[in-house]
Colleague: 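Encoded as structure tokens, here's the structure I'll be asking about.
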Amino acid sequence: MTTSEVGATATTATAVRTGNRPSPMHLLDYWLTVYKRTWRGSVITSFVSPWFYVLAMGVLLGGFVQADPATFEGSASYLAFVVPGMICAQSMQVGFGETTYPVMGMRKWVKTYEAQLATPLRVSDILQAHVVFILFRVLTTAVVFTVVLSFFDIFQRWWSGPVVVAVQVLVGLAAALPIYAYAVRAESESGFSVVFRLLMIPLTLFSGSFFPIASLPSALEAAARVSPLWQGVNLARMATTGQWHWPVALYNVGYLVVLAGAGYLLTVRGMRKELVP
């Protein structure tokens, strides 16, 4: 841990010793201190690279695709169709990125968890602080994308933008917490390549981000409909078009909430098993 990181952890521990139970916002000091030192490294992956995908797939390739609203789930153009999928996929990728190698580093390499648990902090305190930071990372990325995309005349209702931001945050949490539960138990980082190659990439490609899942074979379409990313893509697409199918929307939201909640509980259990003697 660097001097600034130790200082942030010590500040939080002092708050605990004085009898003030720290809130997640107070415990966020550590993560904000780290982010102030490392934010430049995340600019490309969080903001620039996804724009290349949007420009390449939505604007350039989309110019050659004749969009039929009946075929593209009510979207007036291929750009309008692909954007909800791209921004939800980006939120998922941020969630994966924040809960794989960073968690491994804190648990095994840098021993940050051990340093924090040496103070009166609880496992739940540490996890809640990290979850709040993940929310911050997903939210900042989602807001920037949504604001810029609003100039492309994609959102059909005034409330579409805020709803799309909320969907992205929910997708990010639903992706991050189950992976967190895996990472906190992982013995080595070699399993992360499997997570990225056999889980994240197929989800990005086959969850309705680039083409309607109805064009897939029936077995793959059924698998896509139960994937977590499709739940978010479907919600975001309904928000951009303003065409809500409430039973499906409620199912999508419930699915993501349950997945995030289950991931949180499994992560707490895993952290206590791995870190608490």
Side-chain angles (χ1 to χ4, degrees), residues 68-76 78 80-96 99 131 134-135 138-139 141-143 145-146 149 154-182 195 198-268:
D68 181 357
T71 302
F72 286 102
E73 301 179 3
S75 300
Y78 183 71
F81 173 84
V82 78
V83 160
M86 290 301 306
I87 57 181
C88 286
Q90 172 64 11
S91 296
M92 178 189 71
Q93 291 166 16
V94 171
F96 275 53
T99 53
V131 170
I134 294 170
L135 278 172
V138 175
L139 181 62
T141 305
V143 169
F145 269 97
T146 304
L149 289 170
I154 293 172
F155 305 122
Q156 301 300 313
R157 302 288 188 273
W158 65 267
W159 42 262
S160 295
V163 172
V164 166
V165 170
V167 170
Q168 291 175 77
V169 172
L170 185 56
V171 170
L173 278 182
L177 288 168
I179 298 301
Y180 205 139
Y182 165 75
V195 170
L198 300 184
L199 183 61
M200 188 182 76
I201 293 177
L203 283 175
T204 301
L205 295 176
F206 300 110
S207 294
S209 298
F210 299 104
F211 53 85
I213 61 173
S215 61
L216 292 169
S218 57
L220 291 179
E221 179 184 355
R225 290 189 183 278
V226 297
S227 69
L229 181 57
W230 181 82
Q231 318 301 322
V233 172
N234 194 52
L235 282 170
R237 195 159 284 141
M238 285 191 285
T240 57
T241 60
Q243 300 175 8
W244 285 96
H245 304 284
W246 287 107
V248 177
L250 292 175
Y251 166 76
N252 296 152
V253 172
Y255 182 109
L256 294 173
V257 170
V258 169
L259 183 61
Y264 179 86
L265 295 176
L266 289 173
T267 302
V268 171

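Reckoned from all heavy atoms, side chains included, excluding hydrogens, waters and symmetry mates.
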Colleague: Which heavy atom of V164 sits nearest a heavy atom of F155, and at what distance?
Modeller: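 Of all heavy-atom pairs spanning V164 and F155, the closest is CG2-CE2, 4.0 Å.
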Colleague: Considering non-hydrogen atoms only, spot the tightest contact between A80 and A76 and give its length.
Modeller: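 Minimum heavy-atom separation between A80 and A76: CB-N, 4.4 Å.
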Colleague: Side chain of S160, backbone of A239: donor and acceptor closer than 3.5 Å?
Modeller: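 A pair under 3.5 Å: yes.
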Colleague: Between F72 and V82, does a side-chain contact (heavy atoms from CB on, under 4.5 Å) hold up when you go through it step by step?
Modeller: CA-CA 9 Å; F72 286 102; V82 78; over 6 Å; no
Colleague: Taking side-chain hydrogen bond (donor to acceptor under 3.5 Å, both in side chains) as the definition, give me every residue that meets it alongside T146, ordered by chain and number, with sequence neighbours left out.
Modeller: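 Testing T146 for side-chain hydrogen bond (donor to acceptor under 3.5 Å, both in side chains), a comparison that skips the adjacent residues, returns Q168.
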Colleague: Looking at every non-hydrogen atom in both residues, tell me the closest pair between V138 and G172 and how far apart they are.
Modeller: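 Between these two residues, the closest heavy atoms are CG2-CA, 4.2 Å.
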Colleague: Kindly write out the residues that satisfy side-chain contact (heavy atoms from CB on, under 4.5 Å) with W159, not counting sequence neighbours, or none if the list is empty.
Modeller: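 For W159 the side-chain contact (heavy atoms from CB on, under 4.5 Å) partners, ignoring immediate neighbours, are R157, V163, W244.
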Colleague: Name all residues meeting the side-chain contact (heavy atoms from CB on, under 4.5 Å) criterion together with I179; count only those two or more places apart in sequence or in a different chain, and write none if there are none.
Modeller: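 Here the qualifying residues are F96, T99, T100, V195, L199.
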Colleague: When rounded to the nearest 0.5 angstrom, what distance separates CD1 in I154 from CD in Q156?
Modeller: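 Between atom CD1 of I154 and atom CD of Q156 there are 9.5 Å.
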Colleague: Taking side-chain contact (heavy atoms from CB on, under 4.5 Å) as the definition, give me every residue that meets it alongside L265, ordered by chain and number, with sequence neighbours left out.
Modeller: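 So L265 forms no side-chain contact (heavy atoms from CB on, under 4.5 Å) with any residue.
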Colleague: Name each donor-acceptor pair under 3.5 Å that joins a side chain in residues 223-238 to protein atoms two or more places apart or in another chain, with its distance.
Modeller:
unit_1, atom_1, unit_2, atom_2, d
R225, NE, E221, OE2, 3.3
R225, NH2, E221, OE2, 3.0
S227, OG, S207, OG, 3.2
S227, OG, A224, O, 2.7
S227, OG, W230, N, 3.4
Q231, OE1, N252, ND2, 2.7
Q231, NE2, R225, O, 2.7
Q231, NE2, S227, O, 3.0
N234, ND2, N252, OD1, 2.9
R237, NE, F81, O, 3.2
R237, NH1, E73, OE1, 3.3
R237, NH1, G208, O, 3.1
R237, NH2, F81, O, 2.6
R237, NH2, G208, O, 3.0

Colleague: If every non-hydrogen atom of C88 is compared with every non-hydrogen atom of V167, which pair is closest and at what distance?
Modeller: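 Answer, listing the atom of C88 first, then V167: SG-CG1, 4.1 Å.
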Colleague: Taking all non-hydrogen atoms of both residues into account, name the closest pair between A89 and S209 and its distance.
Modeller: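 Residues A89 and S209, closest heavy atoms: CB-OG, 4.4 Å.
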Colleague: Using the salt bridge (charged side-chain N to carboxylate O under 4.0 Å, His left out) rule, collect all pairs that involve residues 198-211, keeping only residues at least two apart or in two chains.
Modeller: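 Sorted pair list comes back empty.
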Colleague: At what distance, to the nearest 0.5 angstrom, does CZ of F211 lie from OH of Y78?
Modeller: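 Going from the CZ atom of F211 to the OH atom of Y78 covers 8.5 Å.
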Colleague: Out of curiosity, I134 CD1 to L173 CG, how far, rounded to the nearest 0.5 Å?
Modeller: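 With rounding to 0.5 Å, CD1 (I134) is 7.5 Å from CG (L173).
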Colleague: Taking only residues two or more places apart in sequence, or in another chain, which ones meet Y255 in a side-chain hydrogen bond (donor to acceptor under 3.5 Å, both in side chains)?
Modeller: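 With neighbours one apart ignored, the set is empty.
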Colleague: Among residues two or more places apart or on two chains, list those pairs meeting salt bridge (charged side-chain N to carboxylate O under 4.0 Å, His left out) that have a residue in residues 250-262.
Modeller: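 Residue pairs with at least one partner in residues 250-262: there are none.
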Colleague: Can you tell me how far apart OG1 (T204) and CD (Q93) are? Round to the nearest 0.5 Å.
Modeller: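 That separation rounds to 4.5 Å.
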Colleague: Which residues pass the side-chain contact (heavy atoms from CB on, under 4.5 Å) test with L220, not counting sequence neighbours?
Modeller: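 For L220 the side-chain contact (heavy atoms from CB on, under 4.5 Å) partners, ignoring immediate neighbours, are L216, P217.
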Colleague: In Å, rounded to the nearest 0.5 Å, how long is the span from CD1 of I87 to OG1 of T240?
Modeller: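 So the CD1 of I87 and the OG1 of T240 are separated by 8.0 Å.
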Colleague: A181 and T267: which non-hydrogen atoms are nearest, and at how many Å?
Modeller: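 Residues A181 and T267, closest heavy atoms: N-OG1, 3.2 Å.
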